[in-house]
Amino acid sequence: MKIHDIEGFPNPARVRIALAEKGAIDQVEFVPVDVMGGEHRTPEFTAKNPDASVPCLELEDGSYISQCTAITEYIDGVFDGPALTGGTPKERAHISMMNLRAEAGLLNAVGTYFHHATPGLGPDLETYQCAEWGEKQKEAAVKTMGYFDEVLGNNEYLAGDAFSVADITAFAGLAFADFAKVEIPERLQNLIAWRNKVAARPSIAG
């Protein structure tokens with residue numbers, strides 16, 4: 001099993017945290033992709049992943065799986081360890097719902113702000129920008145932070161009492177927010193406390 005990615009970027013981090021939670025980080029070969037050099041947009045890479053994005057999972061049979069949620073679901077199914085995507089239909093549905101909210105409302109919203117309303121990854125890669133849309137997505141990201149703060153007032157983790165992929169996605173989203181200089185409002189103490197707790201997990205703290 002191979003993971004084509006670039007270390008330090010938010011979406012690759014989600015998969016690496018999931019692997020670490022499952023105790024499987026040493027069972028995967030990581031293949032670096034030169035995103036800053038545009039390797040992810042080359043015909044050779046898009047033949048593997050038409051999304052032109054990382055990470056991309058390569059299986060032993062030569063097939064590929066892209067999109068973090070799909071990759072993490074596969075990882076959760078094939079490796080032993082605590083379930084990250086739920087054990088019952090209700091748990092899976094609830095975790096999936098919260099993961100989608102973390103992905104669309106936080107991580108992707110911050111990404112849109114970064115790529116549209118800031119210099120992003122530079123003019124060679126940011127070939128189209130709409131600053132107004134980027135600023136609106138920054139507002140959406142902060143709103144989602146507020147929603148998560150409310151959720152965490154009643155739950156230990158975003159989808160209940162157990163750590164899940166929703167927490168991984170939200171944690172990566174906040175890391176991206178730091179990089180893009182989108183601050184967590186100081187009043188959101190539940191979210192801040194949750195973040196500190198998650199940061200101390202062995203899969204993240206190392």
Side-chain angles (χ1 to χ4, degrees), residues 5-23 25 55 68-69 71-73 75-76 81-86 91-121 131 133-206:
D5 75 354
I6 178 171
E7 189 171 5
F9 275 42
N11 281 318
R14 292 166 64 187
V15 170
R16 287 172 181 253
I17 293 170
L19 284 166
E21 286 285 334
K22 302 292 281 189
I25 199 81
C68 275
T69 298
I71 294 171
T72 303
E73 185 172 347
I75 288 168
D76 199 31
L84 298 173
T85 56
E91 287 174 353
R92 288 194 292 272
H94 189 65
I95 290 170
S96 178
M97 175 183 73
M98 295 305 291
N99 185 60
L100 285 168
R101 288 175 178 169
E103 189 171 61
L106 181 57
L107 193 148
N108 288 351
V110 170
T112 299
Y113 166 72
F114 175 73
H115 292 297
H116 284 269
T118 79
L121 297 178
W133 176 236
E135 292 292 344
K136 291 296 291 184
Q137 287 300 288
K138 179 182 179 180
E139 293 175 11
V142 175
K143 182 178 180 180
T144 299
M145 291 178 191
Y147 164 68
F148 285 160
D149 186 76
E150 293 179 8
V151 170
L152 291 164
N154 299 307
N155 295 287
E156 187 173 355
Y157 295 101
L158 287 180
D161 294 330
F163 183 80
S164 73
V165 293
D167 299 288
I168 294 174
T169 300
F171 186 83
L174 292 180
F176 199 175
D178 286 347
F179 184 76
K181 295 181 172 57
V182 180
E183 295 183 357
I184 303 174
E186 188 175 350
R187 69 181 184 278
L188 304 183
Q189 288 299 306
N190 295 326
L191 182 62
I192 292 169
W194 164 89
R195 187 188 193 187
N196 291 335
K197 177 174 62 179
V198 172
R201 294 180 72 87
S203 62
I204 296 169

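The model shown is predicted, which means the values in this text are computed figures rather than measured ones.
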Peer 1: Taking the six-membered ring of Phe148, is NZ or CZ of Lys143 closer than 6.0 Å to its centre and within 45° of its axis?
Peer 2: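 No, a cation-pi geometry is absent between Lys143 and Phe148.
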Peer 1: Any chance the side chains of Trp194 and Asp149 put a donor and an acceptor closer than 3.5 Å?
Peer 2: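 Absent: no donor and acceptor within the cut-off.
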Peer 1: Under the criterion side-chain contact (heavy atoms from CB on, under 4.5 Å), I'd like the reasoning laid out for Tyr157 against Lys197: C-alpha separation, chi angles, the key distance, then a yes or no.
Peer 2: CA-CA 10 Å; Tyr157 295 101; Lys197 177 174 62 179; 3.9 Å; yes
Peer 1: Between Asn155 (side chain) and Val151 (backbone), is there a donor-acceptor pair under 3.5 Å?
Peer 2: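 Indeed, once roles are kept as given, a pair shorter than 3.5 Å links the two residues.
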Peer 1: Would you say OH of Tyr147 has more than 12 non-hydrogen atoms from neighbouring residues, nucleotides or ligands within 6.0 angstrom?
Peer 2: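 Yes - once you tally the heavy atoms of other residues, nucleotides and ligands closer than 6.0 Å, there are more than 12.
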Peer 1: What is the distance from atom CD1 of Ile168 to atom CZ of Arg201, rounded to the nearest 0.5 Å?
Peer 2: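 So the CD1 of Ile168 and the CZ of Arg201 are separated by 8.0 Å.
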Peer 1: So, for Val110 and Ala180, which heavy atoms are closest and what is the spacing to 0.1 Å?
Peer 2: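 Residues Val110 and Ala180, closest heavy atoms: CG1-CB, 4.0 Å.
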Peer 1: So, the side chain of Lys136 versus the backbone of Ala131: is there a donor-acceptor pair under 3.5 Å, distance only?
Peer 2: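 Flag not set: sc Lys136 to bb Ala131 has no pair under 3.5 Å.
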Peer 1: One thing to verify: whether Arg16 and Asp5 come together as a salt bridge, which I'm taking to mean a side-chain N less than 4.0 angstrom from a carboxylate O.
Peer 2: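 Salt bridge present between Asp5 and Arg16.
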Peer 1: Identify the two heavy atoms, one from Glu186 and one from Gln189, that lie closest to each other, and give their separation to 0.1 Å.
Peer 2: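 In this case the closest contact between Glu186 and Gln189 is O-NE2, 2.6 Å.
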Peer 1: Within a strict 4.5 Å, meaning less than it, do heavy atoms of the Glu7 and Pro12 side chains meet?
Peer 2: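 No, too far: nothing below the 4.5 Å cut-off.
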Peer 1: For residues Leu106 and Arg101, determine if any side-chain heavy atom of one lies less than 4.5 Å from a side-chain heavy atom of the other.
Peer 2: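 With C-beta onward as the side chain, the pair stays apart.
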Peer 1: Could you walk me through whether Ile184 and Arg195 pass the side-chain contact (heavy atoms from CB on, under 4.5 Å) test, one step at a time?
Peer 2: CA-CA 11 Å; Ile184 303 174; Arg195 187 188 193 187; 3.8 Å; yes
Peer 1: Is the closest side-chain heavy-atom distance between Phe9 and Ile6 below 4.5 Å?
Peer 2: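 The answer is yes, as the side chains (C-beta and beyond) meet within the 4.5 Å cut-off.
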Peer 1: Which heavy-atom pair separates Pro10 from Phe176 by the least distance, and what is that distance?
Peer 2: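 Heavy-atom minimum between the residues: CG-CD1, 3.5 Å.
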Peer 1: For Ala170 versus Leu158, what's the shortest heavy-atom pair and its separation?
Peer 2: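 Heavy-atom minimum between the residues: CB-CD1, 3.4 Å.
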Peer 1: Answer yes or no: is there an ion pair linking Glu73 with Arg92, defined by an N-O contact shorter than 4.0 Å?
Peer 2: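 No, this pair does not count.
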Peer 1: With heavy-atom distances below 4.5 Å as the criterion, would you say the side chains of Val198 and Phe163 are in contact?
Peer 2: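 Yes. Closest side-chain heavy atoms under 4.5 Å.
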Peer 1: Any side-chain heavy atom of Leu84 sitting closer than 4.5 Å to one from Asp167?
Peer 2: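 They are not in contact (no side-chain heavy atoms under 4.5 Å apart), so the answer is no.
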Peer 1: Using a 3.5 Å distance criterion without hydrogens, assess whether the side chain of Ser203 forms a donor-acceptor pair with backbone atoms of Ala20.
Peer 2: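 No, Ser203 side chain to Ala20 backbone: no donor-acceptor pair under 3.5 Å.
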Peer 1: Side chains of Asn11 and Pro55: does their closest heavy-atom pair fall under 4.5 Å?
Peer 2: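 Contact flag for Asn11/Pro55 side chains = yes.
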Peer 1: Does Val15 form a side-chain contact (heavy atoms from CB on, under 4.5 Å) with Cys68? I'd like the steps, not just the answer.
Peer 2: CA-CA 7 Å; Val15 170; Cys68 275; 4.1 Å; yes
Peer 1: How long is the straight-line distance from OH of Tyr113 back to NE2 of His115, given to the nearest 0.5 Å?
Peer 2: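 Here the interatomic distance stands at 12.5 Å.
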Peer 1: May I have the step-by-step check of side-chain contact (heavy atoms from CB on, under 4.5 Å) for Lys22 and Leu19, ending in yes or no?
Peer 2: CA-CA 5 Å; Lys22 302 292 281 189; Leu19 284 166; 5.9 Å; no
Peer 1: Could you tell me the separation between the CD1 atom of Ile17 and the CD1 atom of Ile75, rounded to the nearest 0.5 Å?
Peer 2: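 Going from CD1 on Ile17 over to CD1 on Ile75, the span is 11.5 Å.
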Peer 1: What distance separates Leu100 CG from Ile95 CD1, expressed to the nearest 0.5 Å?
Peer 2: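 Between Leu100 CG and Ile95 CD1, I get 12.0 Å after rounding to 0.5 Å.
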Peer 1: Indicate whether the side chain of Ser164 and that of Asn99 have a donor and an acceptor atom separated by less than 3.5 Å.
Peer 2: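 No - no donor-acceptor pair under 3.5 Å links their side chains.
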Peer 1: Taking all heavy atoms of Arg14 and all of Ala172, pick out the closest pair and write down the distance.
Peer 2: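 Nearest pair, atom of Arg14 first, then Ala172: CG-CB, 3.6 Å.
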Peer 1: Between Asp76 and Pro82, what is the shortest heavy-atom contact and its length?
Peer 2: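 Closest heavy-atom pair between Asp76 and Pro82: OD1-O, 3.7 Å.
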